[in-house]
Amino acid sequence: VSRLRPATAALALVLLGGGAGASPACGPQALGTARTLTLPRTGAAWGSAQQYPRLPLAAGEVVLTFDDGPRPESTPQVLQALAQQCVQATFFMNGEPLLRAPELARRVRDAGHTVAMHGFTHASFASMPVAGQQADLAAMQQAHAQVLGGHAPAFRFPFLAETAEAKAALAAQRITVMSVDLGIEDWLPAQTPSMLAERLLQRLQGAGGGIVLLHDAQDQTAAALPALLQALKDGGYRVVHLRWEE
Ligand SMILES: [Zn+2]
């Protein structure tokens with residue numbers, strides 16, 4: 001009997017490998033979510049692409065973000081790839097698709113991901129008059145409240161095209177502006193999983209980690225996501241789940 005004990009202990013360690021709250025499927029073979037970073041509800045702005053400060057992340061830590069959904073043709077595949085690697089992400093949803101696919105939006109949230117806003121129509125705020133910007137933002141917030149309840153904590157400008165007026169409106173409502181630290185051009189035509197995975201590792205090597213921009217509304221991104229997550233795992237990167245205080 002005593003000779004079986006080490007094996008039993010090893011099995012218990014494997015089962016507990018994913019950490020507290022993880023299911024047995026989230027063992028050490030999965031990329032997993034290393035930690036949660038909970039931000040206060042403020043009008044702060046984060047991300048080097050728009051010359052904002054970088055999030056307080058350690059070297060090698062990444063925050064995965066997905067824009068332009070929810071889209072029934074590709075978002076479920078993204079959810080499946082994330083679940084298989086036990087990874088939590090942040091989805092910046094547009095208002096129009098949110099209203100078209102409310103059940104899918106709630107599925108994203110109920111899978112434990114963070115849901116934030118990305119503009120009602122995806123028009124560039126920089127090309128809209130101030131009244132149009134206000135109307136888009138109000139419609140976006142209304143769509144989020146109607147489908148998901150509560151107040152969305154964060155906003156990403158479509159095309160990262162900010163305006164002083166919209167930034168002031170967001171700050172007044174303590175909505176965080178989320179930019180990015182790097183993207184992998186997953187919106188370009190005909191990108192294969194290996195091309196995207198290689199680009200992800202290149203960009204991460206340059207940036208050392210940070211907020212990664214991806215698009216769950218892109219078929220090729222959904223198809224490439226298992227390869228992207230495996231590349232992160234093999235590269236020793238750690239995923240941080242972004243949340244906001246209630
Ligand atoms: Zn977008």
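Remember, it's a predicted structure, so these values are computed and weren't measured experimentally. We count residues from 1, following the sequence as given. Order of listing sets the numbers, starting from 1, for every ligand and every atom in it. Excluded from the calculations below are hydrogen atoms, water molecules and symmetry mates; all remaining heavy atoms, backbone and side chain alike, are included.
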Q.
So, applying side chain to side chain donor-acceptor pair (under 3.5 Å) with Thr221, which one of Asp67, Asp216, Asp186 is it?
A. Asp186
Q) Using a distance-only test with no angle check, is there a side-chain donor-acceptor pair under 3.5 angstrom linking Thr65 and Arg156? A) yes
Q) Of all the atoms in Asp68, is at least one N, O or S atom closer to the Zn ion (ligand 1) than 2.8 Å? A) yes
Q) Does a donor on one side chain and an acceptor on the other come within less than 3.5 Å for Gln141 and Gln173? A) yes
Q | Sidechain N-carboxylate O distance under 4.0 Å for Glu185, Arg203 | A | yes
(Q) At a threshold of 2.8 Å, where the distance has to be below it, does the Zn ion (ligand 1) have an N, O or S atom of His215 nearby? (A) no
Q.
Report the atom name of the nearest N/O/S atom of His118 relative to the Zn ion (ligand 1).
A. NE2
